[in-house]
Amino acid sequence: MPANKRILVLPGDGIGPEVMRETERVMDWLAKKRSFSYQVSRGLVGGAAYDAKGVSITDETVADAMASDAVLFGSVGGPKWDAVPRQHRPEAGLLRLRKDLDLFANLRPAIVFDSMVGSSTLKPEVIKGLDLMIIRELTSGLYFGEPRGELKKHDGTRYCIDTQYYTQPEVERVARVGFELAQKRGNKLHSVEKANVMETGVFWRSLVTALHKKDYPTVELRHMYADACAMELVRNPKQFDVIVTDNLFGDLLSDCAAMLTGSIGMLPSASLGIADSSGRRRALYEPVHGSAPDIAGKSLANPIAQILSMSMMLRYSFDDQASADLVDGAIQNVLSKGVRTGDIMTEGARKVSTVEMGSAILAELDKLG
Ligand code: IPM
Ligand code: MN
């Protein structure tokens, strides 16, 4: 692996710093044992940045992110910043990073490890062996569409607008990621929108259909309405291989898919930009879970989603499948030995803290590597 990968670490708020600490221990291990050569810089984001700098992310931190090979992101937000104006809210820092780095493809895998089948609220036969990938469009749609905001009619009635907006290239580039990932997996793609009510849904469906015909005719393509998809995810999730959908539906459906795996504390994600001429993509890796302020600072949080996000970084940014397999394997072994944080606790398992979970994963890595 080429030396000196530049990684920007942004722990953020709530449980972010705690789960990031365990992740950095794993990175240290990789540096020592697998000569994973990297350079870390650190920055503030979210409420932590707001408290220190008055903004949810500074221009310097964004520039640092642009210059990095990968951003490892924790989580942002919390009740402490509820009264902060929206443009400075902790979430705004994350949204700005996504937008400025043009990280349009958000990959959110939902995998049920065998040892975790009992932690889901769904019946074992429904979720055993589940392995699906949601690709959420991340830089457009309702999250960024203009106009937006509150206005007043002539008669004084207040009203408010959000705009669902997509250009043809925006739909096509994320759909391509969907088709290409499907080709590497089970060769099946579900494209999800609401073409029955939304103009953007009709537009999305027609573009995906045309692209399929033109460039990916051998991929099995199905269209599904977003509400039906939410239902099918709970009824029979194993019918899915890859799902591609817009920003808002992807937000909702990925939380839903997360709970199939037992805990949102288990789900990593990768947000990728366009590849440049050398094949390098801008990338940010973050857990799907939020900052969980209620349990922050108590060493109760599950660090697995953050560590798995780091392992996605090894795969997608650094093409180091072997190290990523090692990390994923260590996590699976720890789970199959019944080591659990509170969120995935089951009867007869050993309940551990955030730090103990990190240590258990390191001990397992020592055995495997
Ligand atoms: C997510 C989160 C974010 C989103 C928030 C924190 C802005 O829920 O990454 O899914 O809505 O995209
Ligand atoms: Mn979300």
Side-chain angles (χ1 to χ4, degrees), residues 10-17 19-20 44-50 55-57 62 65 71-82 84-110 132-145 148 162-166 170 174 192 226 229-230 233 243-261 263-273 283-294 296 301-302 305-306 308-309 312-313 343:
L10 300 175
D13 308 320
I15 61 170
V19 295
M20 192 65 86
L44 297 173
V45 69
Y50 181 78
V55 287
S56 55
I57 191 162
V62 173
V71 179
L72 200 53
F73 190 96
S75 50
V76 288
K80 183 178 174 197
W81 303 283
D82 274 352
V84 171
R86 198 172 57 85
Q87 73 271 26
H88 292 314
R89 285 184 59 83
E91 292 78 6
L94 174 58
L95 296 178
R96 175 163 176 210
L97 274 173
R98 289 174 178 171
K99 190 70 177 174
D100 285 8
L101 273 62
D102 200 19
L103 305 170
F104 68 94
N106 183 211
L107 277 50
R108 299 189 160 188
L132 66 82
M133 177 75 89
I134 296 185
I135 301 171
R136 167 188 178 193
E137 199 291 325
L138 203 59
T139 51
S140 188
L142 259 171
Y143 273 59
F144 296 98
R148 59 186 293 150
D162 285 297
T163 300
Q164 167 78 327
Y165 169 100
Y166 272 106
E170 284 171 343
V174 78
V192 172
C229 183
L233 270 174
I243 295 172
V244 65
T245 189
D246 76 12
N247 204 341
L248 182 67
F249 294 145
D251 182 44
L252 306 179
L253 295 173
S254 61
D255 267 31
C256 180
M259 277 324 283
L260 303 174
T261 70
S263 168
I264 200 164
M266 299 287 294
L267 256 79
S269 85
S271 307
L272 307 173
L284 179 147
Y285 300 87
E286 59 171 322
V288 172
H289 65 68
S291 59
D294 50 324
N302 184 349
Q306 188 77 59
L308 288 173
S309 300
M312 284 188 94
M313 172 183 82
D343 58 315

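Note that ligands are numbered from 1 as they come in the structure, with each ligand's atoms numbered from 1 the same way.
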At a 4.0 Å threshold, what atoms of ligand 1 neighbour a non-hydrogen atom of Arg98?
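Listed by number with element: 1 (C), 4 (C), 9 (O), 12 (O).
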
Heavy-atom donor-acceptor pair, Arg98 side chain to Leu138 backbone, under 3.5 Å:
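No.
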
Is there a donor-acceptor pair closer than 3.5 Å between any side-chain N or O of Gln306 and the backbone N or O of Ser309?
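Judged by distance alone, no pair lies under 3.5 Å.
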
Does the side chain of [X] pick up a donor-acceptor pair with the side chain of [Y] at under 3.5 Å?
X	Y	value
Tyr143	Asp251	yes
Ser271	Asn106	yes
Gln164	Asp246	yes
Glu137	Tyr166	yes

Side-chain heavy-atom pair Ile243, Met133 within 4.5 angstrom cut-off
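No, too far: nothing below the 4.5 Å cut-off.
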
If you have a sec, work out which protein heavy atom is nearest [atom] and how many Å separate them, to one decimal?
atom	value
atom 2 (C) of ligand 1	Asp251 OD1, 4.1 Å
atom 5 (C) of ligand 1	Glu91 CG, 4.2 Å
atom 4 (C) of ligand 1	Tyr143 OH, 3.4 Å

Could you see which bit of Arg89 sits under 4.0 Å from ligand 1, with heavy atoms only: side chain, backbone, both or neither?
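Arg89 to ligand 1: no contact under 4.0 Å from either part.
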
Would you say ligand 1 has an N or O under 3.5 Å from any N or O of Arg108?
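Checking ligand 1 against Arg108, an N or O pair does fall under 3.5 Å apart.
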
Check this for me - ligand 1, Arg136, N or O atoms closer than 3.5 angstrom, yes or no?
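Right, the criterion is met.
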
Can you list the protein N, O or S atoms less than 2.8 Å from the Mn ion (ligand 2)?
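The answer, once waters are left aside, is Asp251 OD1.
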
Nearest 0.5 Å, please: how far is CD1 in Ile134 from CG in Leu267?
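Reported to 0.5 Å precision, the distance equals 8.5 Å.
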
Please say whether the positively charged group of Arg96, taken as NZ for Lys or CZ for Arg, lies over the ring of Phe144, i.e. under 6.0 angstrom from the six-membered ring centre and within 45 degrees of the axis.
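No.
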
